[in-house]
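Only this structure's heavy atoms are used, side chains among them; waters, hydrogens and symmetry mates stay out. Proteins come first, then strands; the chains are lettered A, B, ... in the order of their sequence lines, and each starts at number 1.
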Amino acid sequence: VEETSGGDGAASVCDGNDGLQQRLDLAELSLNAGAAESALGEAEAVVDALERPSALWTAAQLVRASALAALGRTHEAVDALRQTVALGPHDRKWVHAATLLVSYVREIGDFDASIAAGEEVIDDLRRDGLAHTDEAVQLRVTIAATYFERGDVHHATRMCRRAAEQAERDGSERACAAAYWNTSIMEGRLGHLSSAIELAQHALALVESQHEHMWATQLRSQLGAFLLRLSPPDPTTALEVLERASRDYAYSRAPSADLGHHRVTLAQARLMTGDPDGALAALTDVLAAGPQNQPIVYAGGLVVQGRVLARAGDPAGARRAYVGAITVLTGIGADRRTAQLWLDLGGLLADLGDAEGATDAYRRAAVAGGVQLPR
Amino acid sequence: MDIDPDLAYLSRTVDAAVLGARIKAARVAAGLTQSELVGEHASAAYLSRIEAGARRPELRLLVEIARRANTTVEQLVRGFGGEKQIELRLTLHRARFALECGDPAQALELAGSVVDQSSSSDVPAVVEDAQVVYALALEALGRLDDAIISLEDIVAAGPRNRSWVGASVALARCHLEVGDAGRAITVGEALADHLAKVDLSATRPALELARVLARAHAERGRRDRAIEICADAVKAVGDGLMSTRAAAYRAASAAEAERGRLAPALILAEQAHELAGAAEEARVYAAVQSQLGVLLLGGDTPDAEKARTTLEAAATAYQTAGAHPAELADNHVALARALLLEGQRARALEVLDELSGLAPELPRLTVAEVAVTRAQAHAAAGDAAATVAAFAEAASALEDVQTDRRAAQLWFELGAVLDGAGERDKASDAYRRAAVSTGLTLSGVHTLQRR
C-alpha cells in the first residue's frame, strides 16, 4: 500500500530568514530534479545555520530526510525525522515529518516501531488541536498502511474509512481522496475488487476536482488494474482508463516503479482486447530494462509476453517466457504480487499442458500467499 | 458537564446536612475512603465537613463524587434513583441473560434500548455495562467490524468498571477473529499489564486473554511466546480454579452432612453454589490446555509426546467441564495429529471416529480439518483409496467455506497428501485452491475459466 499525498511542497515557510529560505527552495528544486546529493548538502547547510528548531528548520529537515531516502540512506533519514518529530514546533510540517517517519520506518521493515511512532504523534495532535487537518488524515492513513503491511488488514481498512469519514465531516476533499485511495488499494489487495473500484472512482472524482494531475494519473492506472482482475474482467473499460493514464504519464515526472507497473497492466489490457502487437509495444521498455531494478515488473512483463506468444501459436516461445518469469520469481522474496504472478503462471503452464510446472507454481503461489509448509 | 437545570438548582437548595449524609452513605456503600472519594478534586478534610453538613459541595465536585461512588447526582440530591433506574437495570439483566442463553439478537435489542434510553443523569456503570453487552452481542452475531468499533470506544475510555476487562478481552478476540493478530496483541498485552497491576492474573478473564494472546502470537510466528503464555496461565490458574474451590466446598458440605451437622452443610453447599460460572471457567482452562497441546505440535521440532499428554489432559478436563463441540473437535484433531507423529495410526483414526456423531454440529472448516487429518492417517498407512475418499470429504466441506487462512492451510495440506499419494491432478487443484484461499484472484490473465 502506498501513501498518497498528492505532492507537497516541503519548503515554503515564511520564517523571516530570506537567505536561508532561498537556499532551501533551491534544495527542494534540486531534489525534484533528481539531484539528491546537492539537495542534501543545501538542506544540511540550512539546518546547521539555524540555532534552534523553527518552522524553517522543520522544512529543511524534511528536504534533508527526503534527499537521504532518495540516496538509499533510509536509516539516516529516519534519524533526521525522529529528531524533527522530537524537537520541531507542532505545526503542519511537523505532522508531515511524522508521516514520512512512519513510512520510512515501515520501509526498513520495523512495523511495530512505525506504528508506535505514528500513534504517539496522533495523541499529541488531539492535545494540540491539529487532529482535523489534512496532514493529520494523511498521517492516519499512513499508519493504516503500516498496519496493513503488518497483516492487520481489517484494522487498517477501518482506520482508512474512519479517516475518510472525518475528512468528509471536515470538508477536506484532498484528505478524503487520500483516505479513499488508500482504502481502495487495501480492498484491492484483499480481493474485494468491486469495493476497490468504487472507492478508486470516488477518489478519482475528488482528485480531478482538485486538479491533482499526477495523482489522477496514478489512480487511473490503479483503477485499470482492478478492472482487469474483476471476475469477469472488464478489459474494454480498463483499456480506456489505462490509455488515458498513459497519455498523462507522458507529460509527468512519474516514478519509474509506477510507470513499469502501468506498462505491464496496459499490455495485459491490450492483449485482452485483441491487440497483441499493442501489448508487445507497451512491454518494450519493461523487457529492455531487465530484472535488476524491478524484478516483479519484469517477471510480469514476461508473463504477458508468454501469453502473446501462446496466442500466436508459439508454445515453445511462451514456455521460454514463463520459465524466464519463474527464474526471476524464484530469486526474490515472497509477497502478494509474487504470489499473484505464481498463481497466474500456474494457470498458464496448465494451458500449455505442463502439469508438473503448474502444480509447482500453484504450490509456490500458496506459500507466497502466506500458507505454512507442512512438516 | 451536562446536568439537568432542575438538579443543578436542587443541589444548591437541598438541606446540606441531608446531602452530606447521603454522600457519606454512598461513599461507605462504595467502600471508598474520604480521600478516594474526592481524589485530587478536594481535600479529605473538606469532604469531612461536607459529610457533616457544614459545607455544601459545588456542582462540579458533586458530579465527581457521584461518578466515583458509582451513583448519580440525582440520587444524591433527590435521595432516590427513580423508577427509570430500576427499569434500566432490569433490562440490562435481561440482556445479559439473553446473551448467556445464546440469543444475541435479543441481547442486542435489550442492551441497545438501555443505551438509547439512558441520559447523563443515569448511573454511568449501567450505561457502560449496557454498551459492553451491546458490543458482545454484536460479536456473538458475527458482526465483528461493528463490534470492534463499539469496543474500541469503550476500551479507549479506560478501566472505569468491571465490564471494561471483558470488553478489552472481547476487542482483542475480535481483532484476532478478523485476522488482525498484531492489533490483537497490542490490545491484549495492554490488558495483561493492567490485570497484573491489579492482581487479577489468575482469573477467568486472564485465562480468556491467554487464549487470545497465544493464538495471536502463534499466528505471527512467535510460537515460543505463545507456548509460554499458555503454560504460565495453566500454572497460575490451576490451583486457584473456582471449580476446584467449589468442589472443595461441596466435599466439605457432604462431610458435614454425613456427620449430621446440617446447618453448616447448608452454608457450605450455598457457598459452593455461589461460585457461579465455575464450569465455564473450567472449560476455558481446558481450552488453554488444549491450545498449549496444539502449539507443542507446531514448529520445526514438535514435541509429539508432550503434546499428546497435554491434549489428553485437556480431553479429560473437557469431559468434566463440558466442551463446545467445535472445541472438543479441535482438541481431538490435534490429538490425532500427535498420535500420527508418534506412528500410532490406528489410535489416531479411533480418536477421529469419536467425532463422527458430532459432525452436524461442527463448523464446515472443522469437518474439513477432521477429514484432512483422516486423509493423512490413511496416506501414512498407504491406503490410497481411503485417502482419496477422505480428500473428497474434505474438499466438499472446504468448498462451503469462504476464503480464509485456515482453509488455505487445509487445502495446502491436502495437496501435499495427494502429491505424496501420486494423485497429481488432484494435488494441483488443491494447491491452486490453497493459493486462491489466501485472497489471490484467478481472473485477468487466464484464457480459460477454471472450475
### Query
Hey, is the main chain of B/Gly182 close enough, under 3.5 Å, to the side chain of A/Arg150 for a donor-acceptor pair?
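Checking the backbone N and O of B/Gly182 against the side chain of A/Arg150, a donor-acceptor pair under 3.5 Å is found.
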Kindly compute the distance separating [atom1] ([X]) from [atom2] ([Y]), expressed to the nearest 0.5 Å.
X	Y	atom1	atom2	answer
B/Thr186	A/Tyr147	OG1	OH	5.5 Å
A/Thr157	B/Asp145	OG1	CG	7.0 Å
A/Met159	B/Arg183	CE	CZ	8.0 Å

Atom [atom1] of [X]: over 12 foreign heavy atoms under 6.0 Å:
X	atom1	result
A/Glu120	CD	no
B/Arg173	CZ	yes
B/Glu342	CD	yes
A/Gln166	CD	yes

Of the backbone (N, CA, C, O) and the side chain (C-beta and beyond), which part of [X] lies under 4.5 Å from a heavy atom of chain B, both, or neither?
X	value
A/Asp360	neither
A/Phe111	neither
A/Arg364	neither

Legend entry - Partners meeting ring-ring contact (aromatic ring centres under 6.0 Å, His included) with A/Phe226 (sequence neighbours left out):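 Partners of A/Phe226 by the ring-ring contact (aromatic ring centres under 6.0 Å, His included) criterion come out as none, since no residue qualifies.
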*Do B/Phe412 and A/Val367 have side-chain heavy atoms sitting under 4.5 Å apart?*
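With C-beta onward as the side chain, the pair touches.
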Item to check | Over all atoms of both residues, closest heavy-atom pair of A/Leu343 and B/Arg432 | outcome: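 Reported closest heavy-atom pair: CD1-CG, 4.2 Å.
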Might you point out which heavy atoms bring A/Ala366 and B/Ala434 nearest each other, and give the distance in Å?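 Residues A/Ala366 and B/Ala434, closest heavy atoms: CB-CB, 3.8 Å.
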**Q.** Region of B/Glu152 in contact with chain A, defined by heavy-atom distances below 4.5 Å
**A.**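 For B/Glu152, the side chain is the part near chain A, not the backbone.
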Quick one: which of A/Gly151, A/Pro235, A/Ala358 has the most heavy-atom pairs under 4.5 Å with chain B, could you say?
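Between A/Gly151, A/Pro235, A/Ala358, the count favours A/Gly151.
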task = With B/Ile148 as reference, evaluate A/His155, A/Arg158, A/His154 under the side chain to side chain contact (heavy atoms under 4.5 Å, CB included) test and give the passing residue.
result =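 Only one option passes, and that is A/Arg158.
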